[in-house]
Amino acid sequence: MTRLVLIDGSSYLFRAYHALPKLSNDLGEPTGALFGVVNMLRGHLKEQPDLLAFVVDASGPTFRDDLYAEYKANRPPMPEDLRAQVEPMMQIVEALGIPVLRVSGVEADDVIGTLALQAAEQGIEVTISTGDKDFAQLVRPGVRLVNTMSGSVLDSDAAVEAKFGVKAAQIVDYLALMGDSVDNVPGVDKCGPKTAAKWLGQYGDLDTVMARADDIGGKIGENLRAALDRLPLSRQLVTIKTDVELGQGPQDLARREPQRDELIALYSRYGFNQALRELTGEGPAGKPTATRPAAMDERPDPAMAVKGQYHCVVDLDTFNVWLDRLAKADAFAFDCETDALDAMQANLVGLSFAIECGEAIYIPLQHRYPGAPTQLAAETVLGALKPLLENPAIGKIGQHGKYDLHVLRRHGIDVQGYRDDSMLASFVWHSAGLRHDMDTLAKRFLGYDTIKFEDVCGKGARQISFADVDLEQATAYAAEDADITLRLNQVFKRKLEGEPGLEKVYRDIEMPLVEVLTRMEANGVLIDAEELRRQTRDLSKRGLQVQEQAYAVAGRKFNLDSTKQLQALLYDELGLPVLVKTPKGQPSTNEDALEAIADQHELPRLILEHRSMAKLRSTYTEKLPEMINTDTGRVHTSYNQAGAATGRLSSTDPNLQNIPIRTEDGRRIRTAFIAPEGRRIVACDYSQIELRIMAHLSEDPGLMAAFESGQDVHRATAAEVFGVPLEQVDSGQRRAAKAINFGLMYGMGAFTLAQQLGIKRGEAQDYIALYFRRYPGVQRFMEGARMQAHQYGYVETVFGRRLHLMEINSRRHAQRAGAERAAINAPMQGSAADIIKLAMRSVHDWLIPHADKAMMIMQVHDELVFEVDTDFVDTLLPEVKQRMQAAVKLRVPLVVDAGVGVNWDEAH
DNA sequence: CAAACCGACGACGTC
DNA sequence: GACGTCGTCGGTTTGA
């Protein structure tokens, strides 16, 4: 069957302009909107339609202006940097060989409408590509609508009804009732999508609605009656003409031969590298970048994959030669070999260094297997290396260097000049979707197969210590580490030089943080083990009581910790209804599920009670005392700087970023995070930082004003959404507003919000609609994030960190929807992470000379925790607050709240 | 042949 | 939305 694609050029250009960041090429010419349009066009061309046309508005008035002088009177003039992209767009369209239609006296919509119906009558399959919902009125068999930016498709009456709540044939009436403030089409006051759909559902069409206007009560009925005489005009304005005299038909719209040279020139000028590659046949073409993020990485230089020359240094003369070379080097790569994974208790077994790619040394210090050769004394080697390692002028390069910094620190060396880290460079280069360990990076960026730790030491129970590895193997493994680190660093240095934004994130945010985290981890936190043991006893006792009750109620014993047994008991034996399923489709026994059936049986409540106590005990009160380091008497978490796709830190062994706070029993655990005698715990946290970032990024005046004036945002939101004065907001309204604020930040839809608030889906939908009406900037921002994600495969933080969304163009709906939600949340979560990282460095610098009086001990995403001499608290507080608040200048103020106490609970 | 180990899953703690 | 950790469960590997 013949296929025709009609592209609504103006609508795309306009939408791409508002959705995408303000990009420009090397010449400084704006290219953001252009980029969006070109990608959209390439998408359509890939489908190889038989016929297609690019339709744009002609200049000058149209018949609608004659009908209504005020038509589009509210339209602001086209921004200059958008206007500048119109001509290049037309050049590219021409060069692509796409027929262009531009008819004066009517709008592009009317041209498209006319052609669509003509073609449909001829049995041609028509696709209208547009970002404008008004076109839904044209959907019918043979005519479908696609929006390549949002990925949505309206291909049937059912699809239209699902989206708008009215049939395609009712869309015109629907639009007329609502009116359109942008085009200045008058509608019925206070009549939005819901009301319009309701009326049309009830009465069928606009004429009937108007005839029965007197039946509709309330304020909205009055508004309807007041609008009666202008509604016919509105209907005329929103009706797309389908009978324009065109002088040509669908059959005249075959694509011409593209002008290849012209296209190459245009693509290069505007920096559309991917389009260029596709055109010139270099590299794989076809799928969008997002589905193959590795494309531009995977061309390792073959020279990087050759094996290096490695030496084992066991005599003083050779060592001195290398010491001299290291001292004269601008920078070198280094790596520590140890006997344990935990940096806080690992012993140094040997050291390796590399100054030039392809050559490296290993200096064994503590290999202790039978027949091991004599090695240099650790004190001698470390003593000689100390001045170099502590010299900030000599750059140090590592892979996950925080580990090595710990080991050396514990051997009396305070490394300075830690300049590059290939793990962090890789993380900034592409935070998601790949691992950043050396073996993976070497394979991918160098095409090099490294010796694996397991090949040298074995695994599982039979694993031996590195100290037991013979020197030959140890050298091959260890020296390689330093060499590969150096090679990787070279590769990333080149890559990042080509991406100034990413380079800055790496240089200004990540690298300076390494020392801060090392210090903070080394500081550790004091834990009151006795208090936790008391809590363990208490929780065990109460847990046992609940368990007895549960057995009694069930009439038999069972394993309360086994979801499988619970599932059988609740749903099979007791026959309770299955209301929630797990992602794998099993009947769920999670909190929501049990809560939902709690009114039908005693057991669910008991299970929940037992679970919460078991969780607290097994994860916290029992485990934390075990994690106390025997040397320091404190707990030292490990922060993973390259773990979270949004740029956040994560914390392991133990995870100190999920210590309970919400429940009474949970919060008590925080009383065991204590300050020693004479000291206090100080906790400083950013107030509403992600919401403030949303205000900043969206530039929404309402939201910005709420923060500007220092109001309670949730209350302010409630006042706006529910239309009541600030002081009359009740607690329920505030709660709902808070849920909306949170939900939207997580990209939540009406369904999840409804669940969260325990209301109907439709009601939640109304709240969201109302919210967007009050904060239109927020809606624009969210749509923009979604579109940017679709176009580029990533979104960005305030500082330009890229957050890739691997699944954004997935064929699977659930995956794609998840990625779209992530696209909304990631810029806020990621920007918040950037900000606190900068703040940490700033605070760290100030703390250096006060190390004996105060130290930073924890970071929990938006909170920094300190242990401070009691008489130093008043000095520290204002300084830390100030540094946190001044970490970055946003369009809204940053506010930091602080608390002081003898334990973490009190400090809140 | 039992003990140890491993990975997937479901659940739940935080921001 | 982003994480890490726990216990269970079923399957595999290990080692006495």
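Quick caveat, the model's predicted, so the values are computed rather than measured.
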When the distance from CG of A/Leu560 to C1' of C/dC6 is rounded to whole Å, what number comes out? 15 Å
Nucleotide C/dT8, atom P - distance to CZ of A/Phe558 in whole Å: 13 Å
Between A/Asp834 and A/Ser831, do the side chains contain a donor N or O and an acceptor N or O under 3.5 Å apart? no
Assess the pair A/Tyr771 and A/Tyr767: is the distance between their ring centroids shorter than 6.0 Å? no
Is any side-chain heavy atom of A/Met520 closer than 4.5 Å to one of A/Met858? no
Rounded off to whole Å, could you give me the CD1-to-C1' distance for the A/Ile607 and C/dT8 pair? 15 Å
For A/Glu626 and C/dT5, give me the distance from atom CD to atom C1', rounded to whole Å. 13 Å
Can you check each nucleotide of nucleotides 7-15 of chain B against protein heavy atoms at under 4.0 Å and return B for base, S for sugar-phosphate only, - for none, in 5' to 3' order? --SSSBBBB
d(CG, A/Leu697; C1', C/dG1) in whole Å: 15 Å
Select base, sugar-phosphate, or nothing to describe what A/Ala614 touches, counting heavy atoms under 4.0 Å on all strands. nothing
Within this structure, what is the CD1-to-P distance between A/Ile808 and C/dG1, rounded to whole angstrom? 12 Å
Is A/Asp905 salt-bridged to A/Arg668, going by a charged N under 4.0 Å from an acidic O? no
Taken to the nearest whole Å, CD/A/Gln463 to P/C/dG15 is 13 Å
Pair A/Gln535-A/Glu531, side-chain donor/acceptor within less than 3.5 Å: yes
With a 4.0 Å limit, can you tell me whether A/Ser650 has a side-chain N or O closer than that to the phosphate oxygens OP1/OP2 of C/dG4? yes
Pairing of A/Asp700 and A/Arg780 as salt bridge, 4.0 angstrom limit: no
In whole Å, I'd like the distance from the CG atom of A/Asp834 to the C1' atom of C/dA2. 14 Å
